[in-house]
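In what follows, every heavy atom counts, from backbone to side chain, and hydrogens, waters and symmetry copies are set aside.
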2 protein chains.
Amino acid sequence: MDTQSSRRQATRAKLYEAAVTLIAEQGFSATTVDEIAERAGVAKGTVYYNFKSKTELFEELLRHGVGLLAASLREAADQTERQGGTRVEALDAMIRAGLVFIHRYPAFTQLYVAELWRTNRAWQSTLMVVRQEAVAVVEAVLTEAVNRGELSEEIDVPLTASALVGMVLVAALDWQAFQRERSLDDVHAALSRLLHGRVGGC
Amino acid sequence: MDTQSSRRQATRAKLYEAAVTLIAEQGFSATTVDEIAERAGVAKGTVYYNFKSKTELFEELLRHGVGLLAASLREAADQTERQGGTRVEALDAMIRAGLVFIHRYPAFTQLYVAELWRTNRAWQSTLMVVRQEAVAVVEAVLTEAVNRGELSEEIDVPLTASALVGMVLVAALDWQAFQRERSLDDVHAALSRLLHGRVGGC
DNA sequence: ATCTTTGAACTGACCAGTCAGTGCAAAAAG
DNA sequence: CTTTTTGCACTGACTGGTCAGTTCAAAGAT
């Protein structure tokens with residue numbers, strides 16, 4: 001990577017950073033390009049030099065963010081694998097990785113949740129791709145667990161994956177928004193208990 | 001109720017109905033008052049005759065919707081109580097009630113999720129109140145379950161409540177958006193299994 | 001020499017909120 | 001019974017402001 005393009009990378013990173021915060025706080029339509037440029041410490045012209053439009057900036061932001069998340073989930077699953085852990089342990093590790101990600105990028109998560117189920121939006125198809133990328137990682141581990149006999153074959157993989165993702169997503173966002181004082185370990189312990197069936201008993 | 005005020009009620013209902021769909025699809029800022037009026041089949045002026053502003057219309061919509069949800073959850077819990085069910089059974093009934101509600105009012109749910117964790121918004125305080133109303137019902141049943149010895153005292157009530165709500169919310173929205181063909185019973189069974197610990201096994 | 005950024009000016013579409021006026025049903029006056 | 005008045009509910013053209021996107025000449029970086 002030459003110095004020119006890394007300079008561009010840096011500018012784009014500043015714009016992502018500014019946009020993600022503002023859009024998480026206010027929503028896409030309520031956020032102006034002037035605001036994004038100002039927060040990024042960059043001229044408005046620079047935004048349009050680096051991105052075709054406001055919408056395209058947002059779409060690339062989504063791709064960029066979910067790429068990080070999926071990588072982090074996969075990393076957690078693989079590491080458990082390498083250490084000879086069970087697939088249920090891998091799920092637990094992924095829950096923690098999810099919490100760490102949300103803790104580090106709360107704005108991105110907020111924005112993702114706010115946009116995911118909207119219909120009729122320009123970036124609808126981008127979101128579908130990006131969602132599948134994340135959910136697929138969870139589904140893969142669930143399927144493996146079933147194949148290895150760690151989990152009952154009666155489990156509904158897609159629905160269970162959704163439910164697990166939702167559990168982590170909502171608990172983490174609530175933690176960030178309304179229960180800041182709790183530690184990551186507290187939150188992880190509560191979710192882990194639910195995963196391992198120590199809530200509703202057996 | 002005289003003819004005048006029932007006419008107003010009808011107009012307001014039409015406006016709620018129009019607004020909830022449009023805002024769920026497009027978001028608050030991207031939805032114009034002209035669109036809402038047109039979809040409701042009234043003139044723009046009528047919106048401002050019935051509501052102080054676009055924001056106030058939205059806030060009253062939120063209050064109205066969460067009122068319905070909280071009532072429906074409480075109803076499920078109470079009915080289980082009356083039939084002598086355990087508190088864990090009550091939680092299961094509430095999960096189903098939640099799914100039924102989301103199935104009936106998907107647009108409202110979408111919109112609630114999209115706005116809940118936004119900061120710096122005008123209706124922030126309305127949302128806090130409204131969220132508490134719904135979460136409190138779940139927390140109450142969890143606390144009762146702990147008091148009666150049905151659940152371990154080590155359970156973290158607020159976090160577990162968040163996680164349960166998130167599980168239902170995300171699974172239901174994913175069901176509506178991406179897996180329309182599944183039946184309510186399928187979804188309920190998958191969530192119930194998670195609640196009763198038949199996923200991570202004991 | 002080439003790539004990237006700046007910043008200010010401009011355009012045209014779009015939109016929240018306003019307001020003078022219409023329609024109508026029920027009450028009051030004749 | 002008929003006419004007039006009252007005021008609620010609604011209408012839609014209009015206004016003042018905002019914002020995405022464009023343009024471009026000049027400056028800065030490599």
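Taking atom OH of A:Tyr49 as the reference point, atom C1' of C:dT5 lies 8 Å away to the nearest angstrom. When the C1' atom of D:dC8 is taken as reference, atom CD of B:Gln9 falls 15 Å away, rounded to whole Å. In this structure, B:Ile36 places its CD1 atom 15 Å from C1' of C:dC14, rounding to the nearest Å. Rounded to whole Å, the distance from NZ on B:Lys14 to P on D:dA9 is 14 Å. Atom CZ in A:Phe51 sits roughly 18 Å away from atom C1' in D:dT22 (whole-Å rounding). One interatomic measurement links the two molecules: CD of A:Glu38 to P of D:dC19, which rounds to 12 Å at whole-angstrom precision.
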Can you name the atoms? Protein N/O to nucleotides 17-23 of chain C N/O, anything below 3.5 Å, with the distance.
from: C:dG17; atom 1: OP2; to: B:Tyr48; atom 2: OH; distance (Å): 3.0
from: C:dG17; atom 1: OP2; to: B:Lys54; atom 2: N; distance (Å): 3.3
from: C:dG17; atom 1: N7; to: B:Lys44; atom 2: NZ; distance (Å): 3.1
from: C:dG17; atom 1: O6; to: B:Lys44; atom 2: NZ; distance (Å): 2.9

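In this structure, B:Thr31 reaches the sugar-phosphate backbone alone: every heavy-atom distance under 4.0 Å involves primed, P, OP1 or OP2 atoms, never a base. Within 4.0 Å (heavy atoms only), A:Val42 reaches sugar-phosphate atoms of the nucleic acid but no base atom. Note on B:Thr46: a base of the nucleic acid sits closer than 4.0 angstrom, heavy atoms only.
Taking 4.0 angstrom as the limit, B:Asn50 places a side-chain polar atom (N or O) nearer than this to OP1 or OP2 of D:dC10. Here B:Thr11 reaches the OP1 or OP2 of D:dC10: one of its side-chain N or O atoms lies under 4.0 Å away.
By the 4.5 Å heavy-atom criterion applied to side chains, A:Leu111 and A:Leu62 are counted as neighbours. Between A:Leu127 and A:Trp123 the shortest side-chain heavy-atom distance falls below 4.5 Å.
A salt bridge links A:Arg148 to A:Glu81: one of the charged nitrogens lies within less than 4.0 Å of a carboxylate oxygen. With salt bridges taken as basic N to acidic carboxylate O contacts below 4.0 Å, one links A:Glu144 and A:Arg87.
Nearest to the side chain of A:Thr32, among C:dC15, D:dC19, D:dC10, sits D:dC19.
A cation-pi arrangement, defined by a distance under 6.0 Å to the six-membered ring centre and an angle within 45 degrees of its axis, is present between B:Arg131 and A:Phe178.
Summarising the geometry, atom CD1 belonging to B:Ile155 is positioned 6.5 Å from atom CZ belonging to A:Arg193; distances are rounded to the nearest 0.5 Å.
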I'd like to know whether A:Thr80 forms a side-chain hydrogen bond (donor to acceptor under 3.5 Å, both in side chains) with A:Glu89, so could you lay out the CA-CA distance, the side-chain angles of the two residues, the decisive distance to 0.1 Å, and finally the verdict.
CA-CA 7 Å; A:Thr80 311; A:Glu89 281 167 350; over 6 Å; no

